[in-house]
Number of protein chains: 2
Amino acid sequence: MTQNVYKAHDHHVCIDSAVSRARALCEEQGARLTPVRQRVLELVWANHKPVGAYDLLPKLAEEGFNSAPPTVYRALDFLLDLGLVHRISSLNAFIGCTHPGEAHPSCFFVCRECGEAQELDAEQVNTIARQAEAMLGVKVEQQMTELMGLCPRCQASA
Amino acid sequence: MTQNVYKAHDHHVCIDSAVSRARALCEEQGARLTPVRQRVLELVWANHKPVGAYDLLPKLAEEGFNSAPPTVYRALDFLLDLGLVHRISSLNAFIGCTHPGEAHPSCFFVCRECGEAQELDAEQVNTIARQAEAMLGVKVEQQMTELMGLCPRCQASA
DNA sequence: GGAGATTAGGTTATAATGTTGCAATTCTAC
DNA sequence: GTAGAATTGCAACATTATAACCTAATCTCC
Ligand SMILES: [Zn+2]
Ligand SMILES: [Zn+2]
Ligand SMILES: [Zn+2]
Ligand SMILES: [Zn+2]
């Protein structure tokens with residue numbers, strides 16, 4: 001488990017390290033972390049809740065960025081391609097990756113009450129893929145797992 | 001593995017058994033498998049490819065059913081609630097469940113080339129959930145896994 | 001079998017999410 | 001500098017899903 005969202009932490013560190021890892025990764029890959037891309041990444045990391053593309057638009061607008069859907073979707077696609085964010089399909093939303101750089105399946109727990117998401121470092125997902133490949137002859141290229149339920153905090157307050 | 005989509009089979013059997021299991025399940029639960037609900041189930045089972053809600057509308061229209069979005073979404077919600085179909089979030093599409101009745105996570109392999117989907121019977125998904133519960137203190141209520149790649153047939157023809 | 005409750009369906013409009021196409025600009029490499 | 005590539009601006013559009021409100025069918029209980 002790379003991080004634990006449910007432990008108190010200085011969240012500025014999360015944001016700052018996300019940005020510096022992004023910068024390093026872009027350097028390494030010859031990609032450009034343009035202002036709008038960096039700002040989208042920061043906004044995605046504003047908290048640990050998956051954020052919708054359309055939620056980002058007004059925030060970008062406030063700051064003088066162009067804010068039409070293609071702008072934010074292009075930035076998100078760029079970040080997805082580099083593995084800097086994941087998409088939570090069941091929510092149509094995006095969240096920062098806690099360990100970009102290393103290729104890995106998207107695997108998250110999402111609290112249905114508070115909406116916070118915790119990335120999971122689940123080797124079992126790869127086991128599922130290998131098993132499907134062995135038993136069915138398929139070739140797995142991408143994988144995602146999404147768990148939904150109640151986080152510790154929301155269990156306590158219920 | 002409850003079924004193997006990649007093996008030749010008489011698909012009418014798939015459809016017929018899906019409908020009769022649905023009928024039994026509805027009986028058991030005191031739910032009503034109305035004409036539009038049954039027809040939506042049959043259409044979802046028309047093949048092994050996840051189908052979008054809006055793809056169903058014209059087909060229902062042809063057959064004289066009412067065909068406005070709420071009609072098909074209501075039918076799909078009903079079928080989802082009973083566990084007769086699953087939703088493939090990454091495709092915004094729906095597919096018949098191969099073993100309704102027993103509560104289980106949604107776990108599929110989907111071919112990016114032909115679009116066919118194979119439901120997987122993956123105990124490892126539950127392992128991920130239990131591990132998350134043990135390590136993070138979360139309570140998992142729902143889970144879904146989606147694998148994407150190439151099916152055996154599409155690998156062969158490439 | 002009829003009154004009242006419940007469930008299902010019809011209809012219209014609208015919200016939310018995501019894409020296409022093309023022109024203008026900026027960056028990179030030679 | 002200049003050609004080619006990548007990025008952005010912009011307008012329109014496509015797709016997916018839901019809200020709101022009402023009518024019709026079905027069930028329950030007497
Ligand atoms: Zn944080
Ligand atoms: Zn990640
Ligand atoms: Zn079949
Ligand atoms: Zn199933």
Side-chain angles (χ1 to χ4, degrees), chain A residues 22-23 25-41 43-44 49-82 84-95 115 146, chain B residues 22-23 25-41 43-44 49-82 84-95 110 115 144 146:
Chain A
R23 225 188 302 271
L25 206 62
C26 284
E27 182 95 13
E28 186 185 319
Q29 311 249 332
R32 287 160 57 199
L33 191 64
T34 60
V36 81
R37 288 168 175 176
Q38 175 171 337
R39 194 65 191 119
V40 166
L41 181 64
L43 288 171
V44 165
K49 303 181 190 190
V51 62
Y54 276 75
D55 297 332
L56 299 174
L57 287 177
K59 298 182 187 169
L60 289 173
E62 275 175 23
E63 302 174 23
F65 287 96
N66 176 45
S67 80
T71 301
V72 67
Y73 278 105
R74 286 195 279 231
L76 287 168
D77 285 346
F78 172 85
L79 298 171
L80 282 170
D81 283 348
L82 262 77
L84 291 166
V85 304
H86 294 283
R87 187 185 140 89
I88 307 292
S89 296
S90 57
L91 300 176
N92 296 327
F94 302 84
I95 188 162
E146 294 171 17
Chain B
R23 226 189 301 270
L25 206 63
C26 285
E27 182 94 13
E28 185 186 320
Q29 312 250 331
R32 289 159 55 199
L33 190 64
T34 60
V36 83
R37 288 168 175 176
Q38 175 171 335
R39 193 66 191 120
V40 166
L41 181 64
L43 288 172
V44 165
K49 303 180 188 188
V51 62
Y54 277 73
D55 296 331
L56 299 174
L57 287 178
K59 298 182 187 170
L60 289 172
E62 275 175 23
E63 303 173 22
F65 286 96
N66 176 45
S67 79
T71 301
V72 67
Y73 279 104
R74 283 193 274 229
L76 287 168
D77 285 346
F78 172 85
L79 297 171
L80 283 170
D81 282 349
L82 263 77
L84 292 166
V85 305
H86 293 284
R87 187 183 140 89
I88 307 293
S89 296
S90 57
L91 300 177
N92 296 326
F94 302 85
I95 189 163
V110 183
M144 53 158 286
E146 293 172 15

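Computed from heavy atoms alone, side chains included, the values below leave out hydrogens, waters and symmetry copies. Letters A, B, ... mirror the listed sequences (proteins, then strands); counts begin at 1.
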Requested in this report: Kindly give the heavy-atom pair with the smallest separation between A:F94 and A:L80, and that separation in Å.
Outcome: CE2-CD1, 3.9 Å
Query raised in the report: If an axis is fit to five pairs at each end of the helix from C:dG1-D:dC30 to C:dC30-D:dG1, what is the angle between the two, to the nearest 10°?
Result: 50°
Report summary line: In 5'-to-3' order, the base (B), backbone-only (S) or no-contact (-) status of each nucleotide in nucleotides 22-30 of chain C, using a 4.0 angstrom heavy-atom cut-off, is -----S---
Query - Side chain to side chain, B:M144 and B:H86, heavy atoms closer than 4.5 Å - result: no
Which pairs would a plain distance check flag for residues 53-72 of chain A, meaning a side-chain donor or acceptor within less than 3.5 Å of a matching protein atom at least two apart in sequence or in another chain?
{"from": "A:D55", "atom 1": "OD2", "to": "A:G52", "atom 2": "N", "distance (Å)": "3.2"}
{"from": "A:E63", "atom 1": "OE1", "to": "A:R39", "atom 2": "NE", "distance (Å)": "2.5"}
{"from": "A:E63", "atom 1": "OE2", "to": "A:R39", "atom 2": "NE", "distance (Å)": "3.2"}
{"from": "A:E63", "atom 1": "OE2", "to": "A:R39", "atom 2": "NH2", "distance (Å)": "2.9"}
{"from": "A:N66", "atom 1": "ND2", "to": "A:T71", "atom 2": "OG1", "distance (Å)": "2.6"}

**Report entry** Non-hydrogen side-chain atoms of B:V51 and B:L43 separated by less than 4.5 Å
**Finding:** no
Query - B:Y54 or B:N92, whichever maps to the more 5' nucleotide of DNA chain C - result: B:Y54
Report task. Let me know the distance between OH of B:Y73 and C1' of C:dT11, rounded to the nearest Å. Result -> 17 Å
Report task. Please identify each residue that fulfils salt bridge (charged side-chain N to carboxylate O under 4.0 Å, His left out) with A:E27, with sequence neighbours left out. Result -> none
Query raised in the report: Could you state the interatomic distance from NZ (A:K49) to CG (A:L91), rounded to the nearest 0.5 Å?
Result: 12.5 Å
Report summary line: Rounded to the nearest 0.5 angstrom, the CG-CG distance for B:L84 and B:L76 is 11.0 Å
Query raised in the report: Roughly, in whole Å, what's the span from CG in A:L56 to C1' in C:dT17?
Result: 13 Å
Query - Non-hydrogen atoms of B:R23 and B:Q38 that approach each other most closely - result: NH1-OE1, 3.6 Å
Query - Min side-chain heavy-atom separation B:I88-B:E146 under 4.5 Å - result: yes
Query raised in the report: Should A:R87 and A:N92 be marked as a side-chain contact (heavy atoms from CB on, under 4.5 Å) after you check the CA-CA gap, both sets of side-chain angles, and the distance that decides it?
Result: CA-CA 7 Å; A:R87 187 185 140 89; A:N92 296 327; 3.1 Å; yes
**Report entry** Any A:R87 side-chain N or O less than 4.0 Å from OP1/OP2 of C:dG18
**Finding:** yes
Report summary line: Within residues 62-71 of chain B, those residues having any heavy atom closer than 4.0 Å to DNA chain C are B:N66, B:A68, B:P70, B:T71
Query raised in the report: Taking atom P of C:dA8 as reference, at what distance in whole Å does atom CG of B:L60 sit?
Result: 17 Å
Report task. Rounded off to whole Å, could you give me the CG-to-P distance for the B:D77 and C:dA8 pair? Result -> 12 Å
Query raised in the report: Taking any atom under 4.0 angstrom from a heavy atom of chain A, which nucleotides of DNA chain D are the first and last to qualify, 5' to 3'?
Result: D:dT7 to D:dA11
Report task. Return the minimal non-hydrogen interatomic distance between A:P50 and A:G115, and the atom names on each side. Result -> CD-O, 3.2 Å
Query raised in the report: Measuring from A:T34:OG1 to A:F78:CZ, what's the distance to the nearest 0.5 Å?
Result: 7.0 Å
